[in-house]
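Data first, discussion second: the structure below is written as structure tokens.
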Amino acid sequence: SQELEQSPQSLIVQEGKNLTINCTSSKTLYGLYWYKQKYGEGLIFLMMLQKGGEEKSHEKITAKLDEKKQQSSLHITASQPSHAGIYLCGVTAAGAGGTSYGKLTFGQGTILTVHP
Amino acid sequence: GAVVSQHPSWVICKSGTSVKIECRSLDFQATTMFWYRQFPKQSLMLMATSNEGSKATYEQGVEKDKFLINHASLTLSTLTVTSAHPEDSSFYICSAPLASLKLFGPGTRLTVL
């Protein structure tokens, strides 16, 4: 099975600082998803990456997938307290079809705290 | 817009009782839904795949007789935790695929006393 390693496990930053969260896979990533979760709540979809070298941005968050498709990074610029939460990367099974479609395996998550 | 809803959002029950959690896809159909469990300060762990019209597929280590899954229609899957015990207390989240998106419900917090 594919394993995802997220780093760091937790991160505390001062408001306004930039930060990066990494997600590394033991196998090639065919569909990499980034989600944000507030404690006790559901997952908020951030971005999905599929192609090697792909980069997507939304507001102050940028996600990249490396050319080899084994590592992704999530970068937040000028962090705000509203960015605080748990960030999860998830991956779909390679070539999955049928009932496996849509199943995600998640990294262990990164807990982000932003101090005002 | 298309969303996934869950009911209830939280439930407290006594040990030994059964609890049913509903997962609904709104404004789209889902032949497959996924049930995850999340313990405090941990990531999501897939429990089972719910299939409309057929039996659910359980992940290794998940007891199928304890976590009953019924995919009653193209918009509803239910997870029943039977004979709940305190160690079943957790946050349960369902997910449904919509094209390339994986939509998640808001979760259900189960506390077993």
Side-chain angles (χ1 to χ4, degrees), chain A residues 1-11 21 23 25 29-51 54 56 58 65 84-93 95-113, chain B residues 1-7 9-10 23 25 28-61 69 71 77 90-111:
Chain A
S1 62
Q2 188 154 24
E3 293 186 359
L4 294 177
E5 187 74 26
Q6 277 187 244
S7 63
Q9 292 187 20
S10 65
L11 191 55
I21 299 169
C23 178
S25 171
L29 296 164
Y30 286 94
L32 191 285
Y33 295 77
W34 282 101
Y35 290 89
K36 177 187 172 185
Q37 183 186 31
K38 291 284 189 181
Y39 179 73
E41 299 181 12
L43 274 64
I44 301 169
F45 171 75
L46 295 176
M47 275 166 277
M48 179 189 71
L49 304 167
Q50 288 183 305
K51 301 177 183 177
E54 187 174 11
K56 290 185 178 179
H58 178 67
L65 182 61
I86 304 169
Y87 288 81
L88 295 157
C89 63
V91 63
T92 53
T99 56
S100 295
Y101 180 72
K103 180 168 68 173
L104 289 177
T105 299
F106 288 94
Q108 72 269 46
T110 297
I111 302 173
L112 172 63
T113 304
Chain B
V3 295
V4 175
S5 69
Q6 280 185 245
H7 178 80
S9 55
W10 60 269
C23 177
S25 59
F28 74 104
Q29 294 180 336
T31 57
T32 303
M33 291 184 177
F34 302 92
W35 287 96
Y36 296 82
R37 180 167 54 182
Q38 184 180 34
F39 292 106
K41 297 187 179 181
Q42 294 187 22
S43 188
L44 277 71
M45 294 297 295
L46 179 66
M47 298 175 65
T49 301
S50 174
N51 305 303
E52 191 272 335
S54 62
K55 291 181 180 180
T57 306
Y58 291 83
E59 295 299 303
Q60 192 172 9
I69 290 173
H71 203 127
S77 173
S90 187
F91 193 58
Y92 293 86
I93 306 178
C94 69
S95 171
L98 177 60
S100 60
L101 293 178
K102 322 300 177 190
L103 300 180
F104 284 81
T108 297
R109 180 159 302 284
L110 170 64
T111 301

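For the numbers below, each heavy atom of this structure counts, side chains included, while hydrogens, waters and symmetry mates do not. In what follows, chains carry the letters A, B, and so on, assigned in the order in which the sequence lines appear, proteins first and then strands, with residues in each chain numbered from 1.
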Got a sec: does the NZ of A:Lys38 have more than 12 other heavy atoms crowding it under 6.0 Å?
-> yes
Proximal component of A:Leu43, with respect to chain B [non-hydrogen, under 4.5 Å] | both
Roughly how far, to the nearest 0.5 Å, is NZ of A:Lys103 from OG of B:Ser95?
-> 12.5 Å
Would a line drawn from the ring center of B:Tyr36 to the ring center of A:Phe106 be shorter than 6.0 Å?
-> yes
Between the CG atom in A:Leu88 and the CD atom in B:Gln38, the distance rounded to the nearest 0.5 Å is 7.0 Å
Sub-3.5 Å donor-acceptor pair from the side chain of B:Ser43 to the main-chain atoms of A:Gly107, do we have one?
-> yes
Where does B:Glu59 contact chain A at under 4.5 Å (heavy atoms): side chain, backbone, both or neither?
-> side chain
By salt bridge (Lys or Arg N to Asp or Glu O under 4.0 Å), A:Glu41 pairs with (sequence neighbours left out) none
Below 4.5 Å from any heavy atom of chain B, which atoms of A:Gln37 appear? Answer side chain, backbone, both or neither.
-> side chain
How long is the gap from CG on B:Leu46 to CG on A:Leu104, to the nearest 0.5 Å?
-> 9.0 Å
What's the spacing between B:Lys102 NZ and A:Phe45 CZ if we round to 0.5 Å?
-> 9.5 Å
If you count the non-hydrogen atoms of other residues, nucleotides and ligands that lie under 6.0 Å from NZ in A:Lys56, is the total more than 12?
-> yes
Under 4.5 Å heavy-atom distance to chain A, tell me which part of B:Leu44 shows up: side chain, backbone, both or neither.
-> both
